[in-house]
Structure formats: C-alpha cells, structure tokens
Asks: 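One structure follows; several queries about it will come next.
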Amino acid sequence: MNQPNPNDPQSLTEDQLKDPRIARRDKLRRLHEAGIDPWGSRFDDRLMVSAVRELEDQVRYRTEAGEELPLPELGPSVDLRAWRAEQGPGEEIGPTVRVAGRVMLFRDKGKLVFITLRDWTGEIQIFIGLNQVGEENFGLTKLIDLGDLIGVDGRLGRTNTGELTIFAERLHFLTKMLEPAPDKHLGITDPELKQRMRYADLAFNEGVMQTFLERTEIIRSIRRTLDQDGFCEVEGPTLHAIAGGAAARPFVTHHNTLDRQLFLRIALELHLKRLLVGGIERVYELGRVYRNEGISPRHNPEFTMLEAYQAYGDYRTMMDLTERIVTDAITAINCGYRRHFNGHEVDFTPPFERRSYAELFQQATGVDPTDEPAVIALARRLGLDTVGKHPDVIRNEIFEEKVEDSLIGPIFVIDYPASICPLTKRKADNPEIAERFELFVGGMELANAYTELNDPDLQQALFETQLDGMAEEDSMAKMDHDFVRALRYGMPPAGGLGIGIDRLVMILTGHKSIRDVVLFPVLRPETHDSPSHPAVDEPAAADE
RNA sequence: GAGGGCGUAGCUCAGUCGGUAGAGCAACGGACUUUUAAUCCGUUGGUCCUGGGUUCGAGUCCCAGCGCCCUCACCA
C-alpha cells in the first residue's frame with residue numbers, strides 16, 4: 001500500500017477523487033479496509049420486491065393498549081402522521097423482510113438515508129436511520145453509490161407520506177459498481193449504447209426489463225398453445241448445405257474437416273417437412289434464422305421464427321392456429337386486445353378479418369389483378385420496372401406498394417398468385433391461385449402460411465423454374481434434391497405456418513424497432529473512443 | 001446504396017452575429033432523523049467525433065472521413 005503508484009489511494013488528490021470512476025475505486029478500497037467484501041456472497045432467504053409489496057396489508061399500528069389497527073387507505077389527502085396522532089401513542093409493526101437489489105436513488109438526509117432499491121420485480125424504498133441501524137452499519141451508507149447492489153434486513157412499514165418502506169435493521173454490501181451511473185432519471189438514452197450495453201439498459205432504464213420478460217412470456221405462451229394442441233417441438237440443423245425455404249441471401253460459412261461450404265439457415269421449413277414425411281404429424285421449431293440482408297427497424301440479421309406443420313390440415317387450419325397463438329400470447333401478458341402500434345390502434349379481438357389478395361388488390365388499385373394488360377399498365381404508371389418480369393412478380397410488387405402499408409389489421413390476406421409461392425399447393429379449381437395466407441398487422445407482415453405442396457414432381461419442377469426477373473440468390477428456386485426425395489416417400493397433406501416472433505413481440509409490447517425487442521442486436525464493432533473504455537486502469541495490486 | 005438530421009463534461013443537453021465553453025444530474029466538501037427526480041451552501045470536471053481548410057481568431061463556416069438516428073431502396 002505504500003508503493004508509489006498513480007492509483008495508490010493514499011496519493012489521490014481531492015481533485016482526482018472528483019472523477020466518478022476514481023471515487024468508486026476509492027470506495028472499493030475503503031470497503032476492503034473496513035473488512036467488507038465489496039463483491040458480496042451468497043444471500044439466502046430474500047424476498048422479491050413484488051412479494052414484499054404483497055405483505056403491505058400486514059403493516060399495523062399497535063396502540064399502547066395492544067389494539068392492532070390497519071393503516072388507512074392511502075391517498076393524496078391522507079396525512080399518516082396526523083392519523084397516528086389521532087390513534088394515541090403506539091408503534092407501527094410489520095413483517096420483517098430481507099431484500100436485495102440495485103441502488104437506484106439515494107437521498108442523504110444526514111443521519112437518515114433513503115434508498116430506492118430495485119430488483120427484477122420492482123422497486124421499494126429503504127429507510128436507514130443512524131439510531132436504528134447503529135453507527136457501524138450506518139457508516140456503510142457512506143460507501144454506497146448509485147448502482148451498487150446491497151441487501152437489507154428490516155421491518156416493513158410506512159413513512160409519514162405513506163410510502164411502503166423497509167426500515168433497515170441491517171445492511172449488507174453485495175456488489176460495487178465501478179462505472180459511473182447513468183442519469184438517475186433518464187437512464188441511458190443513446191439508442192446505440194442501450195443496445196451495445198444491454199446490461200446497463202436493463203438495469204437502469206424503466207420498462208426494458210418488462211419488455212424482455214414479456215418477450216419470454218409470449219414465447220412460453222406460444223409453446224404452451226402448440227404443446228396443448230399435441231405439437232412436438234424439435235431442433236433442426238442451423239448449418240445447411242442448401243439455404244432453402246425462403247427467398248433470402250444466406251450467411252456463408254465453412255466446415256474445415258469436411259472442407260465444405262455451409263450456409264446458416266434462412267428458414268426452418270424444409271427440414272420440418274422432412275419430419276412430416278417421417279411421421280411427426282404435428283411438429284414445430286422455435287428458433288433463430290439468419291438472413292444476410294439489410295438492417296432496419298424491422299429487420300435484424302438474425303431473428304426468431306416459429307414454424308409449425310400439421311399433417312392432414314391446410315392453410316385454413318393454420319389460420320385458426322395463428323389466431324389462437326396470437327390471442328393466447330396477448331392473454332399471457334395481459335395487455336388487452338386493443339394495442340397501439342406505430343400510431344395505429346390494432347384490435348386483436350378474434351376473429352381476425354379475412355380478405356382475398358385479389359379483392360384487396362382490386363379495391364386499392366381499381367384494377368382487376370387477372371387483367372394482365374391493365375396490371376402492366378398500372379405498374380408502368382407507378383414507375384415500376386416491368387421488363388422481363390413474370391406477371392405475378394409485377395402483380396406482387398404493386399400489391400406491396402399499394403396495399404401492404406395500409407393493412408393495419410390484424411387481417412389475413414388469402415389466396416396468393418401461384419407463381420410467387422413455389423412451396424405451396426395450388427387451389428384444386430384454379431392452378432393460378434396458391435392456398436396461402438399472410439397475416440398483416442400495422443402494415444407489417446407477421447405470419448405466412450400455406451397448404452403445403454406435397455407433389456414431388458411438381459416441387460421438382462418449381463425448384464427448376466427460375467422466375468423471370470428474379471436474381472438467383474433472391475429466388476426460392478434452389479434445388480434441394482434430398483427434399484424432393486423426401487416428398488417421394490410421401491408427405492401427408494398438411495398446413496404450415498411461420499410467425500416472426502420478434503415482430504409479434506414488437507406489436508404486443510408496443511415497440512416500433514426490432515432492436516428494442518432483441519436483447520443483443522447486430523451492431524458495428526465498437527470504436528476505440530467509445531465511452532465504455534474506462535478512464536482508469538485496473539489498479540495495480542498495491543496491497544499485495 | 002441515396003437523401004436528411006445529429007455528434008459539446010461521467011449522463012442529459014444549451015451555446016446568439018465567428019471572439020477561445022455553460023446548466024441540471026452524477027462526483028467531491030459541508031448542513032439536515034420521514035425524504036422521494038429531496039433541498040440548501042460550496043468545489044471540481046472539456047481531444048467541443050476525427051483530419052484538413054477559410055480566418056487575426058472556429059464548438060460555430062467549408063471539405064473529407066467515422067459513428068448513430070430517420071426516410072427511401074433492399075428485405076415473398
């Protein structure tokens with residue numbers, strides 16, 4: 001401790017101590033000196049803050065006569081101090097509890113300190129009085145900074161203003177925070193830092209924890225709905241020899257021993273359908289897929305997808321299932337059927353509206369989608385490039401431009417042009433139409449489902465058909481011989497469904513960016529002048 | 001990839017006509033036993049994103065770069 005060292009606390013000037021990081025390091029040293037482990041240890045028998053709050057009605061006022069009175073209902077007009085005076089001399093009694101959490105607010109009144117403590121279930125106020133906890137324990141408050149983790153034993157009661165409060169009898173230091181605390185009211189507001197340092201975002205920003213806990217609840221609910229319907233959850237491969245099942249550019253990787261190029265999966269579809277062939281009649285996977293494409297408020301390069309397949313069903317089966325998955329998830333997080341998303345009110349009260357693609361097309365454009373010359377003329381008016389493109393591709397570009405944004409929904413758009421649906425069964429009475437639906441909410445595609453194509457010869461032909469005007473890498477026409485062979489073994493007629501889980505969570509939790517519902521979205525590498533670089537190096541082991 | 005906006009103290013931000021930097025919070029010292037974004041008194045803290053340029057003088061004007069955000073494009 002006596003070695004000369006720029007970080008030797010003995011040599012710190014008062015000015016240096018004004019740097020928040022150095023001040024925290026100095027308190028760390030003082031904790032050590034006081035014989036307190038600043039990194040804490042096992043802390044048993046604590047209650048969650050939410051559980052403590054449920055004990056509030058056990059707080060009583062006991063008069064000298066031994067009569068126990070419940071405290072009055074709280075309200076702005078209730079003066080608890082006056083109420084106690086009315087009851088005559090006595091004392092407030094309440095259950096003794098133990099909690100642990102992060103110090104969010106710290107109000108030092110001299111011989112009295114109020115702390116707002118947060119755990120993952122909520123916040124509660126702690127009262128620490130010099131006379132109540134004693135000199136030695138009270139001294140600990142001088143070493144507590146915002147963001148530190150502490151434990152408290154105390155009696156539950158109410159302050160004069162009526163706030164439910166734990167009156168500390170003993171403090172336990174559990175972990176020091178060495179970084180400066182974010183603004184105590186605003187938290188971290190820089191969206192990049194929120195994502196890059198999600199730990200701090202979760203710890204200090206209001207509502208972030210709730211969003212991610214709701215995400216977990218939604219995913220649990222989805223599993224529950226499917227499991228109760230007899231679906232079987234499986235894990236398909238994420239490394240694919242052929243990245244099929246969707247039109248998207250894959251990430252490319254390489255296996256050294258096999259010396260082979262592999263792709264990260266862009267969809268779950270083709271392997272789940274192989275399992276249908278194998279006889280897993282109701283199968284789903286809830287997992288990550290990877291698409292090597294642009295990043296936007298609605299697109300993260302990796303995202304979570306649900307795909308479910310039901311033998312002997314069709315797309316209408318999947319429509320009912322989709323509706324149930326969504327409404328069950330709403331029930332699970334108890335947010336109500338009416339949700340606000342991106343400036344729209346969306347009412348999820350079932351049943352959701354069901355309209356055909358052609359009907360919506362005609363309504364929005366005034367053009368009959370089967371009238372090919374009229375469609376092409378319309379595309380030219382809209383400034384779309386029509387040269388060398390398949391009519392269905394043109395139709396769909398018009399649909400995306402003129403219709404999709406206005407689909408506030410929830411609305412099932414059903415019966416798509418067949419040639420843009422190479423994995424979908426055609427309608428028995430009209431081979432131009434595919435038995436497919438997409439669910440739109442707030443102008444965003446949320447789910448996509450169809451009656452699965454199980455004719456191996458037709459599937460092979462569709463894989464071989466490169467749609468005019470589509471780049472090969474953008475097309476779904478990627479021949480997967482093994483998949484076609486699987487179909488030759490007989491895949492039952494089936495309905496299949498895909499739901500973008502991140503988008504569902506966005507809508508149900510009211511976030512307009514996918515990065516608010518993905519814990520660690522893809523970011524550029526951190527630049528070197530980033531604020532996360534500490535101003536102080538690790539202190540040399542001056543004490544040893 | 002294109003267009004627009006932003007980048008100033010640990011955090012959130014202000015900064016006038018181009019004249020050499022300011023507030024609140026945090027930190028540090030002090031007062032206060034029922035506060036609650038506690039309050040009050042005092043103190044400290046700056047690579048004004050980076051690099052050029054114009055100018056006697058640039059946080060401010062110009063150019064380039066980097067990063068972030070928004071819109072568009074891409075994304076069945």
Asks: Has A:R155 got its NZ or CZ under 6.0 Å from the middle of the six-membered ring of A:F167, at an angle within 45 degrees of the ring axis?
Replies: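 Yes, a cation-pi geometry holds between A:R155 and A:F167.
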Asks: Taking only N and O in the side chain of A:R107, is any of them less than 4.0 Å away from OP1 or OP2 of B:U35?
Replies: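 So the side-chain polar atoms of A:R107 never come under 4.0 Å of the phosphate oxygens OP1 or OP2 of B:U35.
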Asks: Go through B:A37, B:G10, B:A27 for me and flag the one nearest to the A:R21 side chain.
Replies: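 Of B:A37, B:G10, B:A27, B:G10 is nearest to the side chain of A:R21.
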Asks: Please determine if a side-chain N or O atom of A:T159 lies less than 4.0 Å away from the OP1 or OP2 oxygen of B:U35.
Replies: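 For B:U35, neither OP1 nor OP2 has a side-chain N or O of A:T159 closer than 4.0 Å.
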Asks: Contact class for A:R24 (heavy atom, under 4.0 Å): base, sugar-phosphate, or nothing?
Replies: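 Answer is nothing: A:R24 stays at 4.0 Å or more from every strand.
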Asks: Stepwise, does the ring pair (Phe, Tyr, Trp, His ring centres under 6.0 Å) test hold for A:F437 with A:Y450?
Replies: CA-CA 6 Å; A:F437 75 78; A:Y450 27 85; 9.1 Å; no
Asks: In whole angstrom, give the distance that lies between atom CZ of A:F114 and atom P of B:C32.
Replies: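 Value for this atom pair: 16 Å.
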Asks: Distance check, C1' atoms only: B:C25 and B:U39, in whole angstrom units.
Replies: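 Each nucleotide's C1' atom is 14 Å from the other's.
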Asks: How many whole angstroms separate atom CZ of A:F127 from atom C1' of B:U34?
Replies: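 Atom CZ in A:F127 sits about 6 Å away from atom C1' in B:U34.
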Asks: I want to confirm an ordering. Mapping A:G110 and A:H185 to their closest nucleotides on RNA chain B, which one lands closer to the 5' end?
Replies: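 Whichever sits nearer the 5' end wins; that is A:G110.
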Asks: Counting any heavy atom closer than 4.0 Å, what does A:K111 reach on the DNA or RNA strands: base, sugar-phosphate only, or nothing?
Replies: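 Base, at least one base heavy atom under 4.0 Å.
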Asks: Any N or O donor-acceptor pair linking the side chain of A:E163 to the base of B:U34 at under 3.5 Å?
Replies: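 Looking at the base of B:U34, it does not pair with any donor or acceptor on the side chain of A:E163 (distance under 3.5 Å).
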Asks: Classify the angle between the aromatic ring planes of A:F127 and A:F114 as parallel (below 30°), tilted (30 to 60°) or perpendicular (above 60°).
Replies: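 Perpendicular.
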Asks: Touch check for A:E438, heavy atoms < 4.0 angstrom, all strands: base, sugar-phosphate only, or nothing?
Replies: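 Answer is sugar-phosphate: A:E438 comes under 4.0 Å of backbone atoms only.
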Asks: Which of these passes side chain to side chain donor-acceptor pair (under 3.5 Å) with A:Y416: A:R395, A:E435, A:E438?
Replies: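 Exactly one candidate clears the test, A:E438.
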Asks: State the NE2-CE distance between A:H344 and A:M444, to the nearest 0.5 angstrom.
Replies: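 Going from the NE2 atom of A:H344 to the CE atom of A:M444 covers 10.5 Å.
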Asks: When you compare the side chain of A:Y315 with that of A:E452, does any pair of heavy atoms fall below 4.5 Å?
Replies: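 No, side chains not in contact.
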Asks: I need the NZ-C1' distance between A:K142 and B:C28, as an integer number of Å.
Replies: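 The answer, rounded to whole Å, is 13 Å.
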Asks: Rounding to an integer number of Å, can you tell me how far A:E192 CD sits from B:C69 P?
Replies: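 After rounding, the gap between these two atoms is 7 Å.
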Asks: So, A:F251 versus A:F263, ring centres under 6.0 angstrom or not?
Replies: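 No, the ring centres sit 6.0 Å or more apart.
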Asks: Any strand is fair game: report the nucleotide pairing with B:A2 by Watson-Crick or G-U wobble, both distances under 3.5 Å, or none.
Replies: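 For B:A2, the partner nucleotide comes out as B:U71, under the 3.5 Å rule.
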Asks: Determine: side-chain N/O of A:K184 to OP1/OP2 of B:A26, distance under 4.0 Å, yes or no.
Replies: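 Yes.
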Asks: Output the rounded distance in Å from CD1 (A:I188) to C1' (B:C25).
Replies: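 A:I188 atom CD1 is separated from B:C25 atom C1' by 15 Å.
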Asks: Looking at every strand, decide which applies to A:R395 at a 4.0 Å heavy-atom threshold: base, sugar-phosphate, or nothing.
Replies: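 Result for A:R395 = nothing.
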Asks: What integer distance in Å separates A:D108:CG from B:A27:C1'?
Replies: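 Interatomic distance, CG of A:D108 to C1' of B:A27: 14 Å.
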Asks: Could you tell me the Watson-Crick or G-U partner of B:G45, where both distances fall under 3.5 Å? Say none if there is no partner.
Replies: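 WC or wobble partner does not exist here.
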Asks: Does A:A23 reach a base, just sugar-phosphate, or nothing at all? Heavy atoms under 4.0 Å.
Replies: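 Sugar-phosphate: the residue A:A23, judged by heavy atoms under 4.0 Å, touches backbone atoms but no base.
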Asks: Which value, in whole Å, describes the distance between the C1' atoms of nucleotides B:G67 and B:A27?
Replies: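 My reading of the C1' atoms in B:G67 and B:A27 gives 28 Å.
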Asks: Report the base-pairing partner of B:U39 (Watson-Crick or G-U wobble, both distances below 3.5 angstrom), or none.
Replies: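 Per the H-bond distance test, B:A31.
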Asks: Tell me which nucleotide, if any, is Watson-Crick or G-U wobble paired with B:A26 when both distances must be under 3.5 Å.
Replies: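 The answer is none; no pair meets the criterion.
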Asks: By nearest heavy atom, map A:I144 and A:Q125 onto RNA chain B; which one lands nearer the 5' end?
Replies: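 It is A:I144 whose nearest nucleotide is closer to the 5' end.
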Asks: Taking the C1' atom in each of B:G45 and B:U35, what is the distance between them to the nearest angstrom?
Replies: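 Result for the C1' pair: 29 Å, nearest Å.
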Asks: From NZ of A:K109 over to C1' of B:U35, roughly how many Å is that when rounded to an integer?
Replies: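 Between C1' of B:U35 and NZ of A:K109: 6 Å.
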Asks: Suppose you measure atom C1' in B:G22 against the same atom in B:G59; what distance do you get, rounded to whole Å?
Replies: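 It comes out at 12 Å once rounded to the nearest Å.
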Asks: Tell me which nucleotide among B:C69, B:U34, B:A38 gets nearest to the side chain of A:L105.
Replies: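 Shortest atom-to-atom distance from the side chain points to B:A38.
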Asks: Roughly how far apart, to the nearest Å, are B:G42 and B:C32 at atom C1'?
Replies: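 Pairwise C1' distance, B:G42 against B:C32, rounds to 16 Å.
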Asks: Considering only the P atoms, how many Å lie between B:C28 and B:U71, rounded to the nearest integer?
Replies: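 Between the two P atoms, the distance is 42 Å.
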Asks: Please report the distance separating the C1' of B:C56 from the corresponding atom of B:U20, rounded so that it comes out in whole Å.
Replies: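 Comparing C1' positions in B:C56 and B:U20 gives a spacing of 13 Å.
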Asks: Does A:K194 reach a base, just sugar-phosphate, or nothing at all? Heavy atoms under 4.0 Å.
Replies: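 The residue A:K194 makes no contact with any strand.
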Asks: What is the base-pairing partner of B:A9, counting Watson-Crick and G-U wobble geometry with both distances under 3.5 Å?
Replies: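 Matched B:A9 with nothing under the 3.5 Å cut-off.
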Asks: Whom does B:A64 pair with, Watson-Crick or G-U wobble, provided both distances fall under 3.5 Å?
Replies: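 Because both required distances fall under 3.5 Å, B:A64 counts as paired with B:U50.
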Asks: Round to a whole Å and report the spacing from CD of A:E397 to C1' of B:A73.
Replies: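 Nearest whole value for this atom pair: 12 Å.
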Asks: According to salt bridge (charged side-chain N to carboxylate O under 4.0 Å, His left out), who are the partners of A:D516, at least two apart in sequence or on a separate chain?
Replies: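 For A:D516, no residue satisfies salt bridge (charged side-chain N to carboxylate O under 4.0 Å, His left out) once neighbours in sequence are set aside.
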Asks: Remember a base hit wins even if backbone is also touched, and classify A:D190 as base, sugar-phosphate or nothing at under 4.0 Å, heavy atoms.
Replies: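 Contact class for A:D190: sugar-phosphate only.
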Asks: With the side chain of A:D145 defined as its heavy atoms from C-beta on, choose the nearest nucleotide among B:A27, B:C11, B:U34.
Replies: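 Closest nucleotide to the A:D145 side chain: B:A27.
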Asks: Under the rule syn = chi within 90° of 0, otherwise anti, which is B:U71?
Replies: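 Anti, which is what one calls it when the glycosidic angle falls more than 90° from 0.
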Asks: For nucleotides B:G10 and B:U47, find the distance between their C1' atoms and express it as a whole number of Å.
Replies: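 Approximately 16 Å lies between the C1' atom of B:G10 and that of B:U47.
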